[in-house]
2 protein chains.
Amino acid sequence: MASITIIDIARMCGVGVTTVSRAINNHPDISEETKAMIMQVIKENHYVPNNSARNLKRSASKTIAVLIKGITNPFFNRMIQVFEKEIQRKKYSFILQRVDENQDEIEVAIELEKEKRLKGIVFLGGYFSHSKEKLDQLTVPFVLSTIGMTPDYDPQEYSSVSVDDYKESYKMVDYLCNLGHRKIAIITASMDDVSIGKLRYEGYKQALADHGIGLNEKLVYSMKENIESYSMENGYVVTKELLESGEEFSALFAVSDSLAVGACKAIFESGKSVPGDYSVAGFDGLDIAYYYNPSITTIRQPVEEIAEETIKILFDLINKKITHAHKTFPAELMIRESTTGKQ
Amino acid sequence: MASITIIDIARMCGVGVTTVSRAINNHPDISEETKAMIMQVIKENHYVPNNSARNLKRSASKTIAVLIKGITNPFFNRMIQVFEKEIQRKKYSFILQRVDENQDEIEVAIELEKEKRLKGIVFLGGYFSHSKEKLDQLTVPFVLSTIGMTPDYDPQEYSSVSVDDYKESYKMVDYLCNLGHRKIAIITASMDDVSIGKLRYEGYKQALADHGIGLNEKLVYSMKENIESYSMENGYVVTKELLESGEEFSALFAVSDSLAVGACKAIFESGKSVPGDYSVAGFDGLDIAYYYNPSITTIRQPVEEIAEETIKILFDLINKKITHAHKTFPAELMIRESTTGKQ
DNA sequence: TTGTACGCGTTATCAA
DNA sequence: TTGATAACGCGTACAA
């Protein structure tokens with residue numbers, strides 16, 4: 001079922017393909033009447049240009065791709081909206097590309113860059129541990145947004161926007177300590193994780209240390225690997241285990257709000273209450289942390305600002321105003337109902 | 001910065017482009033050694049084939065696209081996972097394409113079909129009200145998954161998988177009535193909505209009627225148009241309004257779980273309780289309905305089955321085993337803590 | 001088993 | 001303002 005092409009349209013209109021191309025792409029060098037006539041014929045015959053051919057021929061296109069690892073993460077929802085809005089405001093088009101958990105985002109990016117003649121790339125989620133050699137294959141500017149980075153990276157090699165996960169995590173645990181809690185459990189990423197999970201765990205450790213509290217490894221739990229990471233279910237299952245361990249604790253810090261929700265559920269099911277028996281704290285500032293009952297104390301990341309700054313830096317990069325940039329935003333401790341003082 | 005092409009590789013290897021192409025695409029007609037040698041050179045030089053050129057040349061590719069309207073909807077998360085798994089199992093590749101709220105999914109589909117030489121399409125979310133003429137421009141099989149359809153459509157023209165939103169909604173309201181509730185408020189889609197929101201509203205009306213309860217329009221609320229639809233915030237804002245109206249009611253049926261969560265929050269903030277003062281029911285069967293406190297009575301859609309059947313039908317279509325099919329799954333009333341009998 | 005040459009549908013160059 | 005034609009990078013008859 002041979003599809004209709006630009007040549008067919010040209011024939012039908014009795015003009016050359018160039019003219020048709022001009023009509024399609026709003027080129028200036030074409031008279032209004034021929035253009036109108038051509039557009040009419042195109043509409044009548046439902047002609048749709050083939051994007052592969054366009055991309056192949058085009059030397060450059062005004063498009064930005066956002067590569068996102070873990071698209072199910074509600075934390076990204078708002079960010080995506082902002083990205084789209086900002087990118088459209090710059091008259092660029094916007095491609096959202098999902099990257100599978102066990103897929104290499106750089107490879108996807110390289111492929112996409114060639115295929116779509118990208119102008120820039122935003123990486124969202126996951127963590128970054130690619131060789132410099134690989135990174136160098138990316139010939140367009142890119143920005144890492146809310147992504148954990150291995151510290152041995154040369155900051156000159158990339159740009160990033162995020163909160164200081166270490167510091168903010170410290171802030172939360174410090175707050176819990178100041179409330180009088182000394183037995184504070186944590187649900188964090190797996191121990192070999194090198195991303196934000198790790199950073200948040202480090203903040204936890206440091207805060208404890210600064211309050212003269214020794215690390216009790218029996219209160220340190222990692223998410224289950226076989227359950228979706230950072231999910232409510234994961235928080236639920238892990239907290240059940242924690243409760244059943246019999247190890248005493250008065251507060252629980254989950255490194256994401258979803259985990260915290262699952263944790264609360266597990267506590268309720270054991271017949272205990274939040275914050276009466278256990279204080280529970282989350283991280284991220286998702287809507288659900290506010291709407292949950294009790295509302296959950298959390299660290300609210302300034303999602304809009306992060307997203308806006310990401311795009312700003314990306315365009316500065318594109319316009320060669322800068323060669324790289326790193327921006328960290330302060331996050332806000334939202335004290336809500338799920339945490340209370342310990343007598 | 002001219003990118004490296006297949007010709008460069010051919011030159012470097014001292015072979016023809018055909019041979020390189022064969023190496024890349026695992027063609028049989030090539031000796032193991034030359035293939036290994038070529039792959040080596042490719043790796044060393046970081047050669048990545050240009051997808052646009054490939055798609056342009058290829059007459060057909062084994063790929064399925066899933067077009068999703070409202071990617072932020074957590075209800076789709078699980079479905080996407082199943083889609084991906086099933087599609088990979090068939091040795092097809094999988095493209096997830098987001099469609100903007102005010103974008104025409106059919107146009108996106110037509111473009112994508114040409115660009116990627118698709119074998120089939122799944123439409124997810126939104127509602128369908130396109131002219132037959134437009135639908136006919138789609139030359140590959142497609143399936144509508146959990147999508148509301150204007151009833152005046154010829155069922156011979158398309159395929160679909162979903163639950164019976166009317167019946168399931170009826171089931172919920174019937175249950176509430178049997179609990180003794182007679183003043184049942186509803187939060188539904190806007191009145192000019194023609195999708196599932198409408199169907200669920202119709203089920204509500206019918207159930208009331210069958211219980212001899214007249215429709216009180218002061219208890220019928222639509223989501224706010226200027227807030228993300230089906231969101232917690234929307235449920236919260238609308239319920240606040242409902243509570244402030246002073247109109248008496250004992251149960252509230254929100255047509256999505258997220259709305260129900262927001263509704264609960266509004267009720268708590270007014271100093272009332274769930275289900276003590278008001279019973280609250282949702283729809284969809286999201287995780288959060290289970291994890292919320294109180295856990296929320298809902299209609300659980302069999303997400304996995306729906307997704308699996310969608311793919312099954314799509315492949316039957318592709319293999320010309322059938323010309324169209326419609327499947328509706330029964331959903332399950334999950335009775336939980338948020339609803340209770342009315343004295 | 002390997003290589004040459006053409007065509008996929010479009011846009012850019014250049015001449016008319 | 002228009003049109004012929006050469007790329008864009010790849011896959012594949014067909015020939016060797």
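In what follows, every chain begins at residue 1, and chains take the letters A, B, ... in the order their sequences are listed. Just so you know, these numbers use all the heavy atoms, side chains as well, and skip hydrogens, waters and symmetry mates.
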| said: Just to be sure I understand the rule, does A:Asn25 reach a base, reach only the sugar-phosphate, or reach nothing, if contact means heavy atoms closer than 4.0 Å? | reply: sugar-phosphate
| query | With sugar-phosphate meaning primed atoms plus P, OP1 and OP2, does B:Asn50 contact a base, only sugar-phosphate, or nothing at under 4.0 Å between heavy atoms? | reply | sugar-phosphate
| request: In whole angstrom, give the distance that lies between atom NZ of B:Lys114 and atom C1' of C:dG9. | output: 10 Å
| Any idea which of C:dT2, D:dT2, C:dT10 is nearest the B:Ile30 side chain? | C:dT2
| Check: B:Phe75 ring centroid to B:Tyr230 ring centroid under 6.0 Å | no
| request: Could you walk me through whether B:Thr19 and B:Ile38 pass side-chain contact (heavy atoms from CB on, under 4.5 Å), step by step? | output: CA-CA 9 Å; B:Thr19 313; B:Ile38 292 171; 3.7 Å; yes
| said: Before you tell me yes or no, could you show the steps for A:Phe123 and A:Phe142 under ring pair (Phe, Tyr, Trp, His ring centres under 6.0 Å), namely the whole-Å CA-CA distance, both residues' side-chain angles and the distance that decides it to 0.1 Å? | reply: CA-CA 7 Å; A:Phe123 290 98; A:Phe142 62 95; 5.8 Å; yes
| query | What nucleotide, of D:dG9, D:dT1, D:dC10, holds the atom closest to the side chain of A:Leu56? | reply | D:dG9
| field | Among C:dT2, D:dT2, D:dC8, the one nearest A:Thr19 by side-chain distance | value | D:dT2
| Comparing A:Ser52 and B:Ser31 on DNA chain C - which has the more 5′ nearest nucleotide | B:Ser31
| task | Answer yes or no: is there a donor N or O on one side and an acceptor on the other, between the side chain of B:Glu111 and the main chain of A:Val48, under 3.5 Å? | result | no
| field | Nearest-Å distance for atom pair CD1/P, residues B:Ile9 and D:dC10 | value | 9 Å
| task | Could you tell me the separation between the NZ atom of A:Lys116 and the P atom of C:dT11, rounded to a whole number of Å? | result | 14 Å
| message | Expressed as a whole number of angstroms, how long is the span from B:Asn51:CG to D:dC10:C1'? | response | 11 Å
| field | Distance-only donor-acceptor test, A:Lys57 side-chain atoms vs D:dA7 base atoms, 3.5 Å | value | yes
With the criterion being N/O to N/O and under 3.5 Å, what pairs connect the protein with nucleotides 14-16 of chain C, and how long is each?
none

| task | Please determine, by modelled atom types, if A:His324 and A:Ser159 share a side-chain donor-acceptor pair under 3.5 angstrom. | result | no
| task | Indicate yes or no for a side-chain donor-acceptor contact from B:Ser61 to the backbone of B:Arg117 under 3.5 Å, with no hydrogens or angles considered. | result | yes
| task | Select from B:Val15 and A:Pro49 the residue whose nearest nucleotide in DNA chain C is closer to the 5' end of that strand. | result | B:Val15
| note | Angle separating the five-pair end axes of the helix from C:dT1-D:dA16 to C:dA16-D:dT1, nearest 10°, is 40°
| task | Could you tell me the separation between the CZ atom of B:Phe83 and the CD atom of B:Glu308, rounded to the nearest 0.5 Å? | result | 10.0 Å
| query | Rounded to the Å, how far apart are B:Ile24 CD1 and D:dG9 C1'? | reply | 11 Å
| remark: Checking B:Ile42, B:Val20, B:Asn50 against B:Ile6 for side-chain contact (heavy atoms from CB on, under 4.5 Å), the one that qualifies is B:Val20
| said: Rounded to whole Å, how long is the line connecting atom CZ of A:Arg54 with atom C1' of D:dG9? | reply: 18 Å
| To the nearest Å, how far apart are B:Ile6 CD1 and C:dA5 P? | 16 Å
| query | For the side chain of A:Asp104 and the backbone of A:Ile106, is there at least one donor-acceptor N/O pair under 3.5 Å apart? | reply | yes
| task | Spell out, as yes or no, whether a donor-acceptor pair under 3.5 Å connects the side chain of A:Lys69 to the backbone of A:Gln103. | result | yes
| said: What is the separation between atom NE2 on B:His27 and atom P on C:dT1, rounded to the nearest whole Å? | reply: 13 Å
| said: Quick check for you: among D:dC10, D:dC8, C:dT4, whose closest atom lies nearest to any side-chain atom of B:Val17? | reply: C:dT4
| query | For A:Thr34, which contact category applies under a 4.0 Å heavy-atom criterion: base, sugar-phosphate, or nothing? | reply | sugar-phosphate
